Number of protein chains: 2
Amino acid sequence: MATIRDVARHAGVSISTVSLALNGTGPVSEETRARVEAAVAAVRYSPNLMAQNLKRGQSKLIGMVLGDAGNPFFGRLFGTIDRQLSGSEHMLIVANLDSHPDRELRTLNLLKRHRVAGIIMTPLRNDPEFAAYLNEIDVPVVLVDQDVDGAYLDFVTSDHHRGTEMLTEYLVRLGHRRIAYIGGQESMWVAKRRLEGFRAAMAEANLQVEPEFEVAADYSAELAYEHVIRLMSAPERPTAILAANNYMAIGALQAVNDLGFRCPDDVSIAGIDVVPWSSIVMPRITTVEQPIEELARVASLWMMERVRGEAVPEGERRRHIAEPKLVIGHSCAPPPK
Amino acid sequence: MATIRDVARHAGVSISTVSLALNGTGPVSEETRARVEAAVAAVRYSPNLMAQNLKRGQSKLIGMVLGDAGNPFFGRLFGTIDRQLSGSEHMLIVANLDSHPDRELRTLNLLKRHRVAGIIMTPLRNDPEFAAYLNEIDVPVVLVDQDVDGAYLDFVTSDHHRGTEMLTEYLVRLGHRRIAYIGGQESMWVAKRRLEGFRAAMAEANLQVEPEFEVAADYSAELAYEHVIRLMSAPERPTAILAANNYMAIGALQAVNDLGFRCPDDVSIAGIDVVPWSSIVMPRITTVEQPIEELARVASLWMMERVRGEAVPEGERRRHIAEPKLVIGHSCAPPPK
DNA sequence: CTTTAGTATCAAACCGTTTCGATATGACCC
DNA sequence: GGGTCATATCGAAACGGTTTGATACTAAAG
């Protein structure tokens, strides 16, 4: 690979002149500039960003940590952020946690060793030890989707509480009283918020939540499937099922179908998050969608502000809470008589 | 950020000793090693990979170029490759082409400036100019999924020709004669192979392909939808539709539904690639699946061999062609009488 | 007691850049 | 002719590491 020295030799100037000419930082005669550019083309020079970064003390790399690359939510998040960054020389180092919270620390440490300029992450862990770690990290971090309690970091999410609340209100308006809720692990920030939204709406409607109607399925379609099989086989079954993410909604629908029930005639199902191909899933599931593009836009904007060291209220954490959108499909109907 | 100098000062040794101790490359007394390690912890030292890479002349970064991060195929490909790499210090710089072939060169150049150790990519372009560029690139490249004609690079894919062939054979066995094919842009390597597989199977069965039954929909669900609307509205309509990717199969199914036809009673539909949530799409679409895990495993293995400079047949391109798998759903049936 | 050999440590050179301070050149003015 | 000022160029010092060759010390061998 050609270095700046090769260019200098080829153009008959010193390496400092090459640097000045190429970066436009300093007076260079028109003639020299032309000679340098010719030399660059001749020896096929492309500046070594690692060396530039080392010298400048800042890198053009942004770390991105995804909870689960398989989930289309993260694919779209990455795609949109990547698009925002194109135009700058920044690129994304992407790491996948594969839903393993224990990989989180190792991944962050590795990103730090790579001296990324910043980190955009959808955290999995939410414990004081992790919060302490994040508060002592010395690169800008923007959290997306999920918060870490006690961490003083920019945070972009959608109103998860409001999301389940909207769905529950919708089901209640349809006349449902016996609504089952399939949630995630309550240790997760998002799962907790969603559960709270459900409970708030139920309380608001003066409805009792039966304990066995509130189950945790860990965001997995398989677990949700089993829970729904059990719920729907009991004598006192729910008339509506609210699943706290897209995977679990699919699992619930499958279980309902397999038991011979029809949705929405026998039981209503509602989910959260975009179900890819939702237009073709029969019946189309009623969901609350997160505005992924908005989340991505704000996250990358805030990140670049931090990276460029622009005037940002020092030490102050910013939050952006986007409004989710109720998308009514065909999976919900009034409860059977 | 603490540097190796801080560690040296804190431990009361020279920086070279710290380096030798930390990398285990050279004799260091047990006592010194302990002091160095204590100092590392005390000043929170984490080695600057950019500096290490610069000095060692090799980087721990692998570039990954995706055709379209929104498509779950790429999400799973990335996830699996990332998993293969975990354990080494290597990380992936991921770039998304967003289906724009014209971003390809810029992206590759940027990756080169970052001095990645290698590039795993699913190319979009397939023209001589691009092949020439790739042949002169000076980092190891492994192509995945799609080939670039005339490029001497490792290439991992699945047998796209065989895939459509299998699906066509299956439809023919069911008794179909009038089969429509919805393909992608023929300039794309994969699209061409898939079309050829279809034609080969049709020829083998001594079946004529009517020109208007062979359409290109550019891998988009919307275009496929329109084409199918047109095809199914004509007096002489096909009894089966073979769509050359997952998006288009969904579009076709939607069109068939919207026209009031039933699948598979009135018309059979077959697709290619995993349809996420395929288990819930009604009817479950018969597809040919690519073994993504296998592709990812071979691609990352070959990449790491090149990166480590292991004995690889010099200048020789390797190819791995994985066998696709026919997954029979409920979207195909014998043609109506 | 001098060699020899091995062990532990260090100083200095280097990787490919940027940047600062110095130098050379010419133009301009008094 | 001497001083001032831009303008163009360059040498050298960093950035944070690794690696090589030299050095000092100790112990064993002759």
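Every value quoted in this text rests on a predicted model; they were computed, and no experiment measured them.
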With no hydrogens and no angle check, is any side-chain donor or acceptor of [X] less than 3.5 Å from a backbone partner on [Y]?
| X | Y | result |
| --- | --- | --- |
| A:E104 | A:R125 | yes |
| A:N53 | A:L49 | yes |
| A:S19 | A:I15 | no |
| B:D154 | B:A299 | no |
| B:Q84 | B:R297 | no |
| B:N48 | B:T3 | no |
| A:N96 | A:D98 | yes |
| B:R115 | B:K112 | yes |

| said: Which residues in residues 25-40 of chain B have a heavy atom closer than 4.0 Å to any atom of DNA chain D? | reply: none
For nucleotides 10-13 of chain C, which of its nitrogen or oxygen atoms have a protein nitrogen or oxygen under 3.5 Å away, and what is each distance?
from: C:dC10; atom 1: OP2; to: B:S14; atom 2: N; distance (Å): 2.8
from: C:dC10; atom 1: OP2; to: B:S14; atom 2: OG; distance (Å): 3.2
from: C:dC10; atom 1: OP2; to: B:T17; atom 2: OG1; distance (Å): 2.6
from: C:dA11; atom 1: N7; to: B:S16; atom 2: OG; distance (Å): 3.2
from: C:dA11; atom 1: N6; to: B:S16; atom 2: OG; distance (Å): 3.2

I need the [atom1]-[atom2] distance between [X] and [N], as an integer number of Å.
| X | N | atom1 | atom2 | value |
| --- | --- | --- | --- | --- |
| B:I4 | D:dG17 | CD1 | P | 6 Å |
| B:M1 | D:dG17 | CE | C1' | 15 Å |
| B:R115 | C:dG16 | CZ | P | 9 Å |
| A:R5 | C:dT17 | CZ | C1' | 8 Å |
| B:Q58 | C:dG16 | CD | C1' | 16 Å |
| A:L22 | D:dC10 | CG | P | 14 Å |
| A:M50 | C:dT18 | CE | C1' | 16 Å |
| B:E89 | D:dG17 | CD | C1' | 14 Å |

| side-chain contact (heavy atoms from CB on, under 4.5 Å) between A:F73 and A:D145, intermediate numbers included | CA-CA 10 Å; A:F73 172 82; A:D145 191 41; 4.1 Å; yes
| Under-3.5 Å donor-acceptor pair between B:R56 side chain and D:dG17 base | no
| query | Is there a donor in the side chain of B:N126 and an acceptor in the side chain of B:D149, or the other way round, less than 3.5 Å apart? | reply | yes
| Is A:T3 touching bases, backbone alone, or none of the nucleic acid, heavy atoms closer than 4.0 Å? | sugar-phosphate
| task | Please assess A:D147 against A:R317 for the test salt bridge (Lys or Arg N to Asp or Glu O under 4.0 Å), listing each intermediate value before the final yes or no. | result | CA-CA 12 Å; A:D147 201 4; A:R317 80 177 294 196; 3.0 Å; yes
For [N], does OP1 or OP2 lie under 4.0 Å from any side-chain N or O of [X]?
| X | N | value |
| --- | --- | --- |
| B:Y45 | D:dG17 | yes |
| A:N23 | C:dT18 | yes |
| B:Q52 | D:dG17 | no |

Please list, for nucleotides 4-6 of chain D, all pairs of protein and nucleotide N/O atoms separated by less than 3.5 Å.
none

| query | Taking it one step at a time, do B:M303 and B:H90 satisfy side-chain contact (heavy atoms from CB on, under 4.5 Å)? | reply | CA-CA 11 Å; B:M303 176 50 68; B:H90 291 268; over 6 Å; no
